[in-house]
Each structure stands twice: as C-alpha cells, then as structure tokens.
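To keep things clear, I will list the structure first and then write my remarks on it.
Along the sequence shown, residues carry numbers from 1.
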Amino acid sequence: MPDDAPLPLCQADRPARAPGGAAADRPALGAVQAAGCAPRAAGWQPSPASGAYAALDLGTNNCRLLLGTPSGPGGFRVIDSFSRIVRLGEGLGATGQLSEAAMDRALAALHACAQKLVRRPVRALQAVATEACRRAGNGPTFLARVEAETGLRLRIITAREEAELAMESCAPLLEPGDRRAILFDIGGGSTEIAWIRIQPGRQVPELIGTISVPVGVVTLSERCGPSCFTEAGFHAVVDEVAARLRGFDAVHCIGQEIRAGGVRLMGTSGTVTTLAGVAMALPRYRRLLVDGQILESCDADQALGDLFALGRDGLAAHPCVGPDRVDFVLPGCAVYAAIRRVWPVPRLTVADRGLREGILLRQMRLDRQAGPRRPPRSWQGCA
C-alpha cells in the first residue's frame, strides 16, 4: 500500500482488542518551545486552529514524515505521509562519519518534508533523529546544516526514548491476559528491545528495561555483504546477536517469565512486516492486513525460510520486498531469528507502526491532558 494512503490508527478500528494503554506519563520529548522560538521550516509556523500534528523521523535508512488528526480515544487518522530511503548511515560503521553523499540524500528528503509542512498547516511538530546521528561524529554538525538549509530543527533522541515511543504506538495491540511484553524494533543502525510490564487495572504499561544492540539491517548488510545469503554467514549473525541479548535476558529473567506464560512478543520493523506479508501470501503488501496480525512462530519461521530460499533475484522480484530492500531483508531476518532463539514465545504480534506513530500519539495525549486552553506548541527543540 502506498505510504501516503490515509489510514485509521485508532483503537476503535480493532474492536476485538482491549486497549493496552499508552506509555507512561512523562514530560514530552524535547523542550516545549516558548513564544518567539517558533521553528523556521521553510516558512512553516504552528497553526493554532489546525487539528493536525506532525512527526518527522530521520533514521539510519529512511526519512519519514507523518501527519495525523485525533480520531477516537487514543488514536488518530493519517492525513498525509512521506517516506524515502536515504541510507544516511551508509559507510558509518567504517568511518564513524556521515558521508557527503548520504547527507545530500537526507537533505533532499528533508526539503520535501519541509515543503509538505508549508502546504499542510499543523498544530505541532516533533522532529527527531536516531541511531545514525547518535553515532556519527559529525551528526550534530549535519543537523545544524539541516536547520540552516530547511528550517527543520531535529533533536537526537536516546535509544530509551525510541523504545518508549515504540511502546506508546504499539500499546493498543496488547490484550487481556498479557502480563509482560517484549517489543523489538530492527532498525537500520541498531535494534531496540523493550521489556514491558502490564498491570491489571492500569491503562499505562511500564517500561521495565531496554537494550540497544548496535546492529541493524544497514550496518549488517555493509559488514557482512553477501555472506547473509549463505547458511554459514546467516547463522554467524544469529549467533552474534543472540550472544548480545543473553545478558539482558539474564538481568530481567525473561526466560523464566516466558515459561510462566502471559508474555507477548511484538515486532515493529520492515523485517517483521515482510515476514507477515510472506506468511500471509499477500500478492502485494497491504498495511491494513498486516498491522496487528498475530503469527504463529512456526509460520514466521517458515516465511523466513522461504525468503532465504529465494536468493537475491527472487527477493528483488518479490512483491513484499523489491529491489530497494533486497540487501536488508536477510540481515533483518537474522536479527529476528536471534530474538526467537533467546525468547521462544509461541506467537509474534506484527506492528506496522513505530516511532512516528508514537510521537503523534504522545503529542495528542499530552494536549488532551492539558485541556483546550493550552497554547499550541512546536516540538522542535529550542536552544
């Protein structure tokens, strides 16, 4: 489905699911801008009369913008979106720096985002950057250049903040009987894991702990190259990632909790949505069919095996993969296989939602709590 198709994202769209609540109440990410600190996104200004909110996520592989309006309790409806593969983290693992070519690609995408924001008035905007800008020695310098050239002021968020926002967006997929949840996001430059407690009678789940594993689909594809297309290379990545996860497992006794029951495994990333599309034999990817889908682990494992068997040419031709993602699918599958090895939960809940959705939900929730008289905010950090 095209990324800019309007899609409902509210709990009312899932009547069979009881709301699992939103992330823990806490101050919003980034400073609330005071009057006179309005952003300068190519002429964009916050529009008090608008009911729309915007979230911008500059990641290691993609630049994404999402605009939505509140829809029902704890949900929103997408009114516009933008997504472009920019490969900002290309070469970062070897040099520790963002390359000129990668920064130019990202800047072109951010110019397009700024133009959308000028055309569509929004009440508030939060713009964030993640792993590539966290790791790069020239990350802050690049973001200063972004502000100078586009007017967009992006803030680098921590791995924990990423996990909190992913939890906020995926909380509606929790169900009665869930005691704990493992939420993972296989990104371009890192994999974020959140260990979550769900308590009966409380709307808000609790983030017990997080870990950021410094391997993602972009970094693995650059480091391992074609080896992920071989059994030996694929299993070497699985072994490496599983070893990194076992310490986190031991600290939180996650294996013991899984054996006691009531632990939900949730994944939000292109890897798990691709696995779902293959497991469901979709002729083309359809978000509404995939988001919230619960796969038996054996079906997800079979889909992984099917993808591995396709080889490069088969992956490029597959309607749920395509040539732009052919190098990233098997590295992502190896990370998923490591998660499955360490935490053998019998089902996988697939979420086609994540950081952007969490940003929008948090902005809307905080405005509801503040009441109608609260002045509009810009969520771009003010120095």
Requested in this report: Kindly say whether Arg87 contributes a backbone atom to a donor-acceptor pair with the side chain of Arg105 at under 3.5 angstrom?
Outcome: yes
Report task. Looking only at non-hydrogen atoms, find the nearest pair between Gly75 and Met364 and report the distance. Result -> O-SD, 4.1 Å
Query - Set of residues satisfying side-chain contact (heavy atoms from CB on, under 4.5 Å) with respect to Ala159, sequence neighbours excluded - result: Arg134, Glu192, Ser212
Query raised in the report: Considering residues at least two apart in sequence or located in another chain, which fulfil the side chain to side chain donor-acceptor pair (under 3.5 Å) criterion with Thr271?
Result: none
Query raised in the report: Pairs in or reaching into residues 297-310: which pass salt bridge (Lys or Arg N to Asp or Glu O under 4.0 Å), with residues at least two apart or in two chains?
Result: Asp301-Arg340
Query - All pairs passing salt bridge (Lys or Arg N to Asp or Glu O under 4.0 Å) where residues 328-339 contributes a residue, at least two apart - result: none
Report summary line: Between the CG atom in Asn138 and the CG atom in Leu98, the distance rounded to the nearest 0.5 Å is 4.5 Å
Requested in this report: Tell me, please, which residues at least two apart from Ala112 pass side-chain contact (heavy atoms from CB on, under 4.5 Å).
Outcome: Phe82, Arg84
**Report entry** Selection residues 91-102 - residue pairs positive for side chain to side chain donor-acceptor pair (under 3.5 Å), sequence neighbours left out
**Finding:** none
Report task. Scan for side chain to side chain donor-acceptor pair (under 3.5 Å) pairs involving residues 214-226, sequence neighbours excluded, and state none if there are none. Result -> Arg223-Glu240
Query raised in the report: If only atom types and distance count, is the side chain of Arg135 paired as donor or acceptor with the main-chain N or O of Pro214 below 3.5 Å?
Result: no
Query raised in the report: For residues Thr191 and Arg244, is any side-chain donor paired with an opposing acceptor at under 3.5 Å?
Result: no
Query - Partner residues of Leu245 under the side-chain contact (heavy atoms from CB on, under 4.5 Å) criterion, sequence neighbours left out - result: Ile193, Val213, Val241, Ile339, Val342, Trp343
Requested in this report: Please round to the nearest 0.5 Å and tell me the distance separating atom CZ of Arg180 and atom CD1 of Ile198.
Outcome: 7.5 Å
Query - Atom pair CD1/CH2 of Ile208 and Trp195 - distance to nearest 0.5 Å - result: 6.0 Å
Query - Arg123-Ser50 side chain donor-acceptor pair, cut-off 3.5 Å - result: no
**Report entry** Steps toward side-chain contact (heavy atoms from CB on, under 4.5 Å) verdict (Cys133, Leu154)
**Finding:** CA-CA 10 Å; Cys133 290; Leu154 278 72; over 6 Å; no
**Report entry** Cys113 versus Leu56, closest heavy-atom pair with distance
**Finding:** SG-CD1, 3.7 Å
Query raised in the report: Counting only N and O atoms by type, is there a donor-acceptor contact under 3.5 Å from the side chain of Asp178 to the main-chain atoms of Glu175?
Result: yes
Query raised in the report: Is any side-chain heavy atom of Val272 closer than 4.5 Å to a side-chain heavy atom of Phe184?
Result: yes
Query raised in the report: Do the non-hydrogen side-chain atoms of Leu58 and Leu88 ever get within less than 4.5 Å of each other?
Result: yes
Query raised in the report: Can you tell which of Arg64, Arg119, Arg120, Arg356 makes a salt bridge (charged side-chain N to carboxylate O under 4.0 Å, His left out) with Asp80?
Result: Arg120
Query raised in the report: What's the spacing between Cys253 SG and Ile258 CD1 if we round to 0.5 Å?
Result: 11.5 Å
Query - Pairs where residues 65-76 contributes a residue and the test salt bridge (Lys or Arg N to Asp or Glu O under 4.0 Å) is met, not counting sequence neighbours - result: none
Requested in this report: Indicate, with yes or no, if Ile157 and Leu92 share a hydrophobic cluster defined by side-chain heavy-atom contacts under 4.5 Å among Ile, Leu, Val, Met, Phe, Trp and Tyr.
Outcome: no
Requested in this report: With the side chain counted from C-beta on, respond yes when Val238 and Arg341 share a heavy-atom pair under 4.5 Å apart, and no when they do not.
Outcome: yes
Requested in this report: Taking the side chain as every heavy atom from C-beta outward, state whether Leu275 and Cys333 have any pair of such atoms under 4.5 Å apart.
Outcome: yes
Report task. Please report the shortest heavy-atom distance between Thr210 and Ala163, naming the atom on each side. Result -> CG2-CB, 3.7 Å
Query - Expected output: side-chain Asn61 to main-chain Val218 donor-acceptor under 3.5 Å - result: no
**Report entry** Within-4.5 Å side-chain heavy-atom neighbours: Ile182 and Arg264
**Finding:** no
**Report entry** Shortest non-hydrogen contact from Leu295 toward Ala276
**Finding:** CD1-CA, 3.8 Å
Query raised in the report: Got a second to check how far Glu164's CD is from Leu183's CG, nearest 0.5 Å?
Result: 12.0 Å
Report task. Evaluate the side-chain contact (heavy atoms from CB on, under 4.5 Å) criterion for residues Leu289 and Leu282: first the C-alpha distance (whole Å), next the side-chain angles of each, then the deciding distance (0.1 Å), finally the verdict. Result -> CA-CA 9 Å; Leu289 295 179; Leu282 296 180; 3.8 Å; yes
Requested in this report: Compare all side-chain heavy atoms of Leu110 with those of Cys63 and state whether any distance is below 4.5 angstrom.
Outcome: yes
Requested in this report: Before giving the answer on side-chain contact (heavy atoms from CB on, under 4.5 Å), spell out for Met266 and Leu173 the whole-Å C-alpha distance, their side-chain angles and the decisive distance to 0.1 Å.
Outcome: CA-CA 9 Å; Met266 295 193 293; Leu173 301 180; 4.2 Å; yes
Requested in this report: Provide the closest heavy-atom pair for Thr60 versus Ala132 in the form atom of the first, atom of the second, distance.
Outcome: OG1-N, 3.4 Å
**Report entry** Rounded distance (nearest 0.5 Å) linking atom CD1 of Ile359 with atom CD of Gln126
**Finding:** 4.5 Å
Query raised in the report: With Arg312, which residues qualify under salt bridge (Lys or Arg N to Asp or Glu O under 4.0 Å), at least two apart?
Result: Asp327
Report task. Applying side-chain contact (heavy atoms from CB on, under 4.5 Å), run through Ser190 and Val215 and close with a yes or a no. Result -> CA-CA 4 Å; Ser190 64; Val215 291; over 6 Å; no
Requested in this report: State, with a plain yes or no, whether a side-chain heavy atom of Arg284 is found less than 4.5 Å away from one of Arg286.
Outcome: yes
Query raised in the report: Got a sec, which pairs hit ring pair (Phe, Tyr, Trp, His ring centres under 6.0 Å) with one end in residues 208-251, sequence neighbours left out?
Result: Phe234-Phe308, Phe248-His252
Query raised in the report: If you take all heavy atoms of Ser227 and Cys224, which pair is closest and at what distance?
Result: OG-O, 2.7 Å
Requested in this report: State yes or no: do Leu107 and Ile85 share one hydrophobic cluster built from I, L, V, M, F, W and Y residues joined by side-chain heavy-atom distances below 4.5 Å, directly or via other members?
Outcome: no
Query raised in the report: What's the verdict on salt bridge (charged side-chain N to carboxylate O under 4.0 Å, His left out) for Arg353 and Glu168, showing C-alpha distance, side-chain angles and the deciding distance?
Result: CA-CA 10 Å; Arg353 55 179 77 191; Glu168 182 121 7; over 6 Å; no
Query raised in the report: Would you say Glu161's side chain and Ile156's backbone share a donor-acceptor pair under 3.5 angstrom?
Result: no
Query raised in the report: Can any side-chain N or O of Ser297 pair as donor or acceptor with the backbone N or O of Val345 at less than 3.5 Å?
Result: yes
Requested in this report: For the residue pair Tyr336 and Ile186, establish whether any side-chain heavy-atom pair is separated by less than 4.5 Å.
Outcome: yes
Report task. Can you sort out the partners of Thr273 under side-chain contact (heavy atoms from CB on, under 4.5 Å), two or more places apart, ordered by chain and number? Result -> Tyr285, Val290, Val350, Asp352
